[in-house]
2 protein chains.
Amino acid sequence: MDKMTDDKRDTEQAIKEAAKKVFLVNGLKGARMQAIADEAGINRAMLHYYFRTKDKLFEVIFADAMQEMNQRMGAIATSDLPILKKIEHFVYGYMESASSNPEFDLFIINEFQQNPDYFTEMMKTSNAGTAMKAFVHEIEKAVKKKEIVGDPHQIFLSMISLCVFPFAAKTMVRTMLGHSEKQYTKLLDERKKFLVQFVVKGISP
Amino acid sequence: MDKMTDDKRDTEQAIKEAAKKVFLVNGLKGARMQAIADEAGINRAMLHYYFRTKDKLFEVIFADAMQEMNQRMGAIATSDLPILKKIEHFVYGYMESASSNPEFDLFIINEFQQNPDYFTEMMKTSNAGTAMKAFVHEIEKAVKKKEIVGDPHQIFLSMISLCVFPFAAKTMVRTMLGHSEKQYTKLLDERKKFLVQFVVKGISP
DNA sequence: CTTTGCGTTAACAATTTTGTTAAACAATGC
DNA sequence: GCATTGTTTAACAAAATTGTTAACGCAAAG
């Protein structure tokens with residue numbers, strides 16, 4: 001009886017998209033089922049029909065989000081470029097990916113904070129975890145070869161900070177600088193180029 | 001009739017401290033009045049007796065938090081040092097202040113996100129706002145004098161990112177690096193020195 | 001045209017969380 | 001001691017939020 005299969009896919013998809021929107025902005029606790037239903041343009045009961053409970057729905061969305069994080073961090077792993085090119089590749093890759101989904105970064109930070117165990121596990125199994133460790137190892141090798149200078153962990157943390165923070169704290173920074181949405185988008189776009197120069201100079205011997 | 005004035009001060013203070021703890025970790029929506037009462041070791045009704053509603057209680061805590069932010073950012077404003085010394089002064093000042101209250105950074109970012117209007121106003125009136133603008137202006141002057149290079153806003157944003165992110169995303173970064181609480185504290189302590197070198201090199205002509 | 005089954009809806013129930021109240025309590029002034 | 005006043009408590013009420021159910025609708029199969 002694949003009668004309303006298309007309809008089903010549609011609403012299920014609509015719910016997922018709506019839930020993603022609402023969860024990303026409000027987190028698990030802050031999100032309201034009614035808000036998700038409104039966003040999807042359906043009845044609240046449908047959310048339960050398709051996903052049983054709020055927690056279950058969240059898990060599905062969250063798994064998708066982890067998927068996305070894996071891909072972003074996967075940008076690190078690529079190929080056998082020299083260290084400075086790898087850094088450039090990561091900065092551009094991350095910033096562009098983050099631009100298309102700016103709410104994501106703060107969401108991840110918050111959920112990390114509230115449920116650390118989940119991530120500890122993920123770091124071991126996912127390719128994001130291995131890619132990151134490999135990247136830190138690359139930095140360590142480059143430092144030993146005196147191609148760059150500084151504590152590898154500090155360098156890594158600095159890169160993450162410089163890339164992630166402008167998205168995670170977007171509203172705060174925008175307010176601090178007195179920028180409009182457009183101005184800030186421009187700032188973020190120009191930032192890729194700035195960051196590569198800034199970081200490369202900062203770790204050069 | 002200042003009969004139980006001392007007792008009153010005590011419980012009122014106990015409530016404020018408990019509320020600060022709970023709100024900083026969970027935010028306005030995430031916090032539960034019961035959790036605050038438990039933390040303070042008192043009945044839930046007392047919270048209402050002293051502060052009427054959850055929102056009112058939050059406002060009090062939040063105003064205190066703003067006060068603290070003002071002080072932190074005030075570290076920028078000091079004196080007429082040369083720009084590189086000013087940067088050093090800010091990095092050390094901010095990092096040390098943040099170390100004593102690590103939950104604060106993420107809390108502010110989140111509340112900013114949810115209630116931007118409140119902050120837009122604060123930026124205009126508070127001394128944190130003026131101190132920050134003065135600092136950006138200092139950077140602009142230094143760039144014009146060719147003492148340092150780079151877009152002033154990018155430089156400022158980078159400094160904030162490098163200082164704030166390691167506290168805001170503490171749990172995430174710790175998990176990523178596979179560090180214990182102790183190891184991470186050490187990393188943060190050593191970071192001041194690293195950051196000054198890193199930033200100064202990154203913006204030197 | 002009736003039956004069947006899934007999707008949908010609205011009304012309802014349960015749970016969680018916040019807010020209120022009346023009574024008990026404790027200390028102070030008389 | 002006893003009245004008064006501010007504090008505390010427990011029980012209750014109200015509101016907000018999540019979860020369930022029974023009935024309806026509609027499209028396909030027989």
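Model, not experiment: these values are computed from the prediction. Each chain gets a letter, A, B and so on, in the order its sequence line appears, and its residues count up from 1.
- Spacing between atom CD of B/Gln34 and atom P of D/dA11 amounts to 14 Å, rounded to whole angstrom units.
- Nearest heavy atoms, B/Cys163 versus B/Leu195: SG-CD1, 4.2 Å.
- Partners of A/Gln154 according to the side chain to side chain contact (heavy atoms under 4.5 Å, CB included) rule, which considers only residues two or more places apart in sequence or in another chain, are A/Asp151, B/Leu187, B/Glu190, B/Arg191, B/Phe194.
- Within the structure, every side-chain polar atom (N or O) of A/Thr11 is placed at least 4.0 Å from both OP1 and OP2 of C/dG7.
- Each salt bridge (charged side-chain N to carboxylate O under 4.0 Å, His left out) pair with one or both residues in residues 192-201 of chain B, not counting sequence neighbours, appears once here: B/Glu96-B/Lys192, B/Asp189-B/Lys192.
- Applying the salt bridge (Lys or Arg N to Asp or Glu O under 4.0 Å) rule to A/Arg44 yields no partners; only residues at least two apart in sequence or on another chain are considered.
- Contacts of B/Val136 classified as side chain to side chain contact (heavy atoms under 4.5 Å, CB included), with partners at least two apart in sequence or in another chain: B/Glu140, B/His153, B/Phe156.
- The stretch residues 40-47 of chain A touches DNA chain D through A/Arg44, A/Ala45, each having a heavy atom under 4.0 angstrom from the strand.
- Proximity of residues 53-64 of chain A to DNA chain D (heavy atom under 4.0 angstrom from any strand atom) is restricted to A/Thr53, A/Lys54.
- Rounding to whole angstrom units, CG of residue A/Asp10 and P of D/dA27 are separated by 15 Å.
- Listed by chain and residue number, nothing satisfies the salt bridge (Lys or Arg N to Asp or Glu O under 4.0 Å) test with A/Lys54 (two or more places apart in sequence, or in another chain).
- One finds the CG atom of B/Asp105 at 10.0 Å from the CD1 atom of B/Ile160 (value rounded to the nearest 0.5 Å).
- Side-chain atoms of A/Tyr184 come within 3.5 Å of backbone N or O of A/Pro166 as a donor-acceptor pair.
- Taking A/Lys21 as the reference, A/Glu39 meet the side chain to side chain contact (heavy atoms under 4.5 Å, CB included) condition, with sequence neighbours excluded.
- Applying the 4.0 Å criterion to OP1 and OP2 of D/dG19, one finds that A/Tyr49 has every side-chain N and O outside that range.
- Listed by residue number, A/Ala31, A/Arg32, A/Met33 are the residues of residues 19-33 of chain A with a heavy-atom contact under 4.0 Å to DNA chain D.
- One can place OH of B/Tyr50 at 18 Å from C1' of C/dG19, the figure rounded to the nearest angstrom.
- When the side-chain nitrogen and oxygen atoms of B/His48 are compared with OP1 and OP2 of C/dG19, one or more of them lie within a distance under 4.0 Å.
- Remark: A/Gln197 pairs with no residue by the side chain to side chain donor-acceptor pair (under 3.5 Å) rule, at least two apart or across chains.
- In terms of modelled atom types and a separation under 3.5 Å, the side chain of A/Asn115 and the main chain of A/Glu111 share no donor-acceptor contact.
- Defining each end axis of the helix from C/dC1-D/dG30 to C/dC30-D/dG1 as the rotation carrying four pairs' C1' atoms onto the next four, with five pairs an end, the two axes are found to diverge by 20° to 10 degrees.
- Partners of B/Gln183 by side chain to side chain contact (heavy atoms under 4.5 Å, CB included), not counting sequence neighbours, listed by chain and number: B/His179, B/Ser180.
- In this structure, B/Tyr118 and B/Phe62 have perpendicular ring planes: the angle between them is above 60°, well past the 30° mark.
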